[in-house]
Every structure is written in structure tokens, then in C-alpha cells.
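Below is one structure; the comments refer to it alone.
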Amino acid sequence: MNLRIPGPTMLPPQVREALSSQMINHRGPQFAAMQAEIVQDLKHFFQTQNDILIFTCSGTGGMESAVVNMISPGDVVLAISVGAFGDRFADLAKIYGAEVIHQNFRWGTSADPEAVRAVLREHKQIKAVLVQHNETSTAVTNPLQEIARVVHEESNALLIVDAISSLGAIDLPVDEWGVDVAVAGAQKSWMIPPGLVMISVSPRGWEAQAQARTPRYYFDYKKARSAMAKGETPFTPAVSLYFALQAALNLMKQEGMRNVFARHIRVAAYTRARLKDLGYQLFADEACASETVTALYNPPGLDYKKWRKLVREQYDTIIAGGQATLVDTVSRVGHLGWVTEVEIDACLDAMVAAQRQLASESANRVSVPAN
Ligand SMILES: *Cc1c(COP(=O)(O)O)cnc(C)c1O
């Protein structure tokens, strides 16, 4: 199988083997040692000295945890959105009672730091800025370094980053850029199944956490930090996923962080170049095209549902559809985690072959005499 969606991603054999480990006591010394090792490795890949918290939940749970720990009802929050996940972050903050300034940029483009600056100057009371590092729905990477600089120059607002489809694949030096909360998700770059989020919290983040008045229970950062200091988690964690994460981090360390980032840059450039060569039109502006996922316009005149079905059934290859308003417009190829040019070649070959097959079927249909 060639699972080429932007998460969940394929599992290396070492990770699959780790997943079959016998269960252990999640309040025992073996778990404590494993968690300590994982946290050390995550600090390396987040490039941070900040505290790292781990929760058992999907990526959206991680986003929700950031909102309930950092924001109080009535707080003015700037939600920068370049796609469906940006809209989700804005909705989340709204639901918890924040006064959200929703700054939208055209889908397929990235956020403009100078436009962000203008909003921060106009609204001095902004307490937090929510932004995606990589917007998976449109296959766009935001200029997070520049956005972070603008946020810190113009305000004291907290910078809360959904890095679910970037951290572990795209360079994101959390401390250097001053990211207060960064959220990563297991099933994207980390080569393990869905079910864990990994979150860094800065000292400024902890101050805000102590002040924030939104009710929280499962996702209480303070409770998580105290439990993790004792080698535990507040509630029963997905222990098997910890085994998997430990194995995956070992693979990532063997490859080397810089090499992991370089491979993603290389494979992304390769994917875009080959797609264009094959005559496909890319959705995102080239200047902000993502290193973890590529969106392409569905070929005109082709029944895209039949196309992706044929790719799946005949070639055992799964590509993703479009999200929200892009559902009929684009398909997406994931190239994050355990991936090289080999899987991209196989995927693109399958897409082209299936397209030709559908085209010749419809040509044959037309040429059959209508007696
Ligand atoms: C996948 C993803 C999420 C949500 O993850 P779930 O695990 O589906 O909740 C959030 N943000 C981004 C940028 C993502 O790619």
C-alpha cells in the first residue's frame, strides 16, 4: 500500500514492531524512563528548552488544549487563517468565548506579515495570536519566522502555533522564534499512528496559563506538568503510542534532524516538479508551497471521484481529497514522515495511469456505434 495522504502516514517496520509490545504499568518506572527519554528527544526536534507536554488525543484536542489554557472568555484574539485549519482554530477560540478577529488570506497564499502588523497596531488589546505553521488543507506554509517577529515587535501577545503538519518535518526553532505554545500531532511527521499530541509551553505561556479563566479539566497544562515531573501523566495515556514514538524518534535521530528537514524539502520539490511535468496544475503559490503536502487541481473534464477510486483499487495508492470549499477542486499528495522519492514516483505513476485509463474508457464509449 502507498498511503499518500497528509496524515495518518505510513509506519516504518521498527514502529510497527514497537506497537506490538506487551503492556506495562503506566505508573511504573519503565513508563517514567520512556517518557523522560521521549521528552528529551522532542525538545531536540522542537529546538526548545520549554516544557513539553504530551496528551492522548487527536490534533484538534491539542489545539483545544491551547485555547482553554491560554485564553479567557472576552479576550481579544487574532486568528490568522489561510485555510480550513485556520478557520478551525478561530472557531475553537470563539466557542470558548474569545472575541476573535478573524484575519483571512486567500486560500493558496500565505499570511502576509505586514498585514498582520497592521491589525496588531490597530488592536492593541490582542492577547494571543493563533496561526498554522503549515496549512494542510491548502498545502501552504506560512512565513512563521516573519509572523513571529511582527507579533513580538508590535505586541505582548502570546504566539500560539498549530504546527501539527510541520513540526518534525519542517524547521521550526521554537525558542529562537519565540513560539509560546507549539502543537505537534503524532500521525503527521512523526511516523506513528494518530492519538498523541506533543506541546511545548514557554515561561510566558505558563504565566498566561495561571491567569486564564476558561474551565478545563482533562487538558489542564498545570496538572499535566506536575504528573510528568513524577514520570506519569494525569490520566491513562496511549502507552502503545509511546512505544511507537520512542522507536520513531530513534529513527529520526539516526537520520539526523537537519537531514530529516532536508529530505522533506527535497521530496516536496521533487513532487511539485514531477506533477508539473506531468501537466498537473498546482493549487498553492509556488513561493509558499508546503514541504509536507502538495495540492493539485483535479484535471479538468475528469471525474475525480472515479479517478481516486481507480488509483486506490487498481494501484493500492491513496491520495487525499480537498477540504471545505476545495472539496471538488483539488486532490492532495502527502509527503511527510516515512517517505522518499520512491513512494512519490509510485504514487504519481498510479495517478497518471488511472487518468489515462479513464480517458481511454470514455473515448471507447464515445466511439462505440450507437445502434
Ligand atoms: C491534521 C491537522 C489538524 C487536526 O488533526 P486531527 O488529528 O484530525 O484532529 C490540525 N491542524 C493541522 C494543520 C493539521 O494538519
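Read the numbers this way: they start at 1 and go in the same order the structure lists the ligands and their atoms. As the structure is a prediction and not an experimental result, all values here were calculated from the model.
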Could you check [atom] against the protein and tell me its nearest heavy-atom contact, residue, atom and distance included?
{"atom": "atom 5 (O) of ligand 1", "value": "Gly59 CA, 3.6 Å"}
{"atom": "atom 3 (C) of ligand 1", "value": "Phe85 CE2, 3.3 Å"}
{"atom": "atom 1 (C) of ligand 1", "value": "Lys188 NZ, 1.4 Å"}
{"atom": "atom 15 (O) of ligand 1", "value": "Thr136 OG1, 2.4 Å"}
{"atom": "atom 11 (N) of ligand 1", "value": "Asp162 OD2, 2.7 Å"}

Is the ring pair Phe31/Tyr242 parallel, tilted or perpendicular, if the boundaries are 30 and 60 degrees?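 Because their plane-to-plane angle lies in the 30° to 60° range, the rings of Phe31 and Tyr242 count as tilted.
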Parallel, tilted or perpendicular: rings of Phe235 and Tyr218 (30°, 60°):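 Taking Phe235 first and then Tyr218, their aromatic rings lie parallel (interplane angle under 30°).
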Taking only heavy atoms of [X] into account, list the atoms of ligand 1 that are under 4.0 Å away from them.
{"X": "Gln187", "value": "6 (P), 7 (O)"}
{"X": "Met63", "value": "10 (C)"}
{"X": "Asn134", "value": "13 (C)"}
{"X": "Ser165", "value": "13 (C), 15 (O)"}

For the residue pair Thr294 and His335, confirm or rule out a side-chain donor-acceptor distance under 3.5 Å.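 Present: a donor and an acceptor within the cut-off.
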Quick one: closest heavy-atom pair of Gln132 and Ile80, and the distance?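 Result for this residue pair: OE1-O, 4.0 Å.
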Closest non-hydrogen atom pair, Leu159 against Arg204: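 Closest pair (atom of Leu159, atom of Arg204, distance): N-NH2, 4.5 Å.
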Is ligand 1 under 4.0 Å from a heavy atom in the side chain of Arg88, in the backbone, in both, or in neither?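 The part of Arg88 near ligand 1 is the side chain, not the backbone.
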Backbone N/O of Ser166 and side chain of Thr292: donor-acceptor pair under 3.5 Å: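 Not a single qualifying donor-acceptor pair exists.
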Option from Val293, Asn142, Val140 for which side-chain contact (heavy atoms from CB on, under 4.5 Å) with Asn134 holds: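 Answer after filtering Val293, Asn142, Val140: Val293.
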